Protein chains: 2
Amino acid sequence: MKGIYTIGDAARQSGVKVPTIRYYEEIGLLPAPPRTEGGRRSYGATDLRRLAFIRHARELGFEIDAIRTLLQLQDEPDQSCAAADAIARDHLVTVERRIASLTALREELARMVEGCSHGHVASCRVIEILADHGECAHHEGARA
Amino acid sequence: MKGIYTIGDAARQSGVKVPTIRYYEEIGLLPAPPRTEGGRRSYGATDLRRLAFIRHARELGFEIDAIRTLLQLQDEPDQSCAAADAIARDHLVTVERRIASLTALREELARMVEGCSHGHVASCRVIEILADHGECAHHEGARA
DNA sequence: CCTAGTTCCTCTAGCGACTAGAGGAGCAAG
DNA sequence: CTTGCTCCTCTAGTCGCTAGAGGAACTAGG
């Protein structure tokens, strides 16, 4: 398991961009790898796995702090996974809320676009609804 | 239509926070209002309407730049509303994409949480799926 | 008229999660 | 040995705010 990958390789294999990898190192999400004589980062298979983990978690919308915790958990396989479970559950709730609010929003936008008679701005449904909150179904409808 | 509202009044009436109102002024989304002798901003009814418009549009997830365009359109009621329509349609597409990707994500998270046997990290579905992208249905599933 | 409390002012800096660009050094192939 | 790619560090910018410092100006009560 020697360090055999350059940062570019790591980027290609993990799908995380080069500057982002360096950024992850800077914020302590990824350990600083050994360097070659010329001062270049050289990654091993473990790093690539870690990067893939991070990328997947980011894709799933987990925040960096949550990922930090998940990574710590992964490093101690004997611990109870209750914490990981809690993080995932928590995130599921967030996602569900976000879906609900976006769905309401979609209705609103669809009504807006549909009602538009494609005439002049003066009689434009889109502008009208935006101007008059009272006209819309989106009262206190949470945040996207 | 005199300037009769303080920035605090404007904030209360529009639901936009005081520093945010000043920020909108700074970025040119809201015109700089006249000041009182003591140097305080004094807003009129027009400003309040504009603020409400902005707030509503932000609530609906429109970006500041889109709102800038929409406001310009609102100021010229004789123009065709095609542009406003396009912006709204565009945003609708974005929202629909976001919903689709979040829905896929929800499935993924639900499977993760369900599969978790609440034992040790070593056999935790949550960690496992995160570590191994191949195990999950979320291939190239766009961004949340 | 004085004071206490609130609201306002400007200014700078910070958030999250990157992204972009400058300016320079290392390295592999022809 | 030169060309062109990758890599290095560093600073600054993105978006849409938010937080805090330090100070001035109103408002109500005594």
Side-chain angles (χ1 to χ4, degrees), chain A residues 3-30 32-43 47-48 50-51 53-71 87 90-91 94 98 101 143-144, chain B residues 3-30 32-43 47 50-51 53-71 87 91 94 98 142-144:
Chain A
I4 26 177
Y5 304 100
T6 68
I7 198 170
D9 294 338
R12 273 181 292 279
Q13 295 223 12
S14 68
V16 179
K17 289 185 202 152
V18 168
T20 306
I21 296 177
R22 287 198 277 250
Y23 168 72
Y24 286 161
E25 180 183 324
E26 194 186 300
I27 63 169
L29 205 58
L30 200 65
R35 302 287 185 117
T36 67
E37 253 184 85
R40 290 162 179 228
R41 290 168 179 84
S42 76
Y43 295 97
D47 299 309
L48 291 201
R50 206 172 173 91
L51 255 184
F53 186 101
I54 295 170
R55 197 219 161 174
H56 193 189
R58 284 297 298 139
E59 241 175 64
L60 292 176
F62 287 93
E63 290 174 10
I64 297 285
D65 254 16
I67 297 176
R68 212 184 287 275
T69 309
L70 290 169
L71 281 168
I87 292 174
D90 223 66
H91 189 47
T94 307
R98 210 172 294 172
S101 121
R143 291 242 137 217
Chain B
I4 27 176
Y5 304 99
T6 70
I7 198 170
D9 294 337
R12 273 181 291 279
Q13 295 223 11
S14 68
V16 178
K17 289 187 201 148
V18 169
T20 305
I21 295 176
R22 286 196 279 249
Y23 168 72
Y24 286 160
E25 180 183 326
E26 195 186 301
I27 61 169
L29 203 58
L30 199 66
R35 303 286 185 116
T36 66
E37 252 183 85
R40 292 165 175 224
R41 289 166 180 83
S42 76
Y43 295 98
D47 299 308
R50 206 171 175 92
L51 255 185
F53 185 102
I54 295 171
R55 197 218 162 174
H56 193 191
R58 284 297 297 141
E59 241 174 63
L60 292 177
F62 287 94
E63 289 174 10
I64 297 285
D65 255 16
I67 297 175
R68 212 186 289 276
T69 309
L70 288 169
L71 281 168
I87 291 173
H91 188 48
T94 307
R98 210 172 292 172
R143 292 245 139 215

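Please read these numbers as outputs of a predicted model, since none were measured by experiment. Just so it is clear, the values below take in all heavy atoms, side chains as well, and ignore hydrogens, waters and symmetry mates. Throughout, a chain's letter reflects where its sequence line sits, starting with A, and its residues are numbered from 1.
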### Query
Relative to the 5' end of DNA chain C, which residue comes earlier, A:Thr20 or A:Thr36, by the nucleotide with the nearest heavy atom?
A:Thr20

### Query
5'-most contact on DNA chain C: A:Glu37 or A:Tyr24, nearest heavy atom basis?
A:Tyr24

### Task
Starting from C1' on C:dT6, measure out to CZ on B:Arg12 and report it in whole angstrom.
11 Å

### Message
Could you tell me how far apart A:Arg40 (CZ) and D:dC8 (P) are, to the nearest whole angstrom?
### Response
7 Å

### Message
Could you check whether B:Arg50 pairs with B:Asp47 (Lys NZ or Arg NE/NH1/NH2 to Asp/Glu carboxylate O, under 4.0 Å)?
### Response
no

### Task
Compare the minimum distances between each of D:dC17, D:dT18, C:dC18 and the side chain of B:Ile64, then state the nucleotide with the smallest one.
D:dC17

### Task
For B:Glu63 and for B:Gly39, locate the closest nucleotide of DNA chain D by heavy-atom distance; then report the residue assigned to the nucleotide nearer the 5' terminus.
B:Glu63

### Query
Which residue lies toward the 5' end of DNA chain D, A:Glu26 or A:Asp9, if each is placed at its nearest nucleotide?
A:Asp9

### All pairs passing side-chain hydrogen bond (donor to acceptor under 3.5 Å, both in side chains) where residues 7-22 of chain B contributes a residue, at least two apart
B:Thr6-B:Asp9, B:Asp9-B:Arg12

### Query
So what does B:Ile7 hit on the nucleic acid, given a heavy-atom distance under 4.0 Å: a base, only sugar-phosphate, or nothing?
sugar-phosphate

### Task
Describe the nucleic acid contact of B:Arg41 in one word from base, sugar-phosphate, nothing, applying a heavy-atom distance below 4.0 Å.
sugar-phosphate

### Query
Does B:Glu25 CD have over 12 foreign heavy atoms under 6.0 Å away?
yes

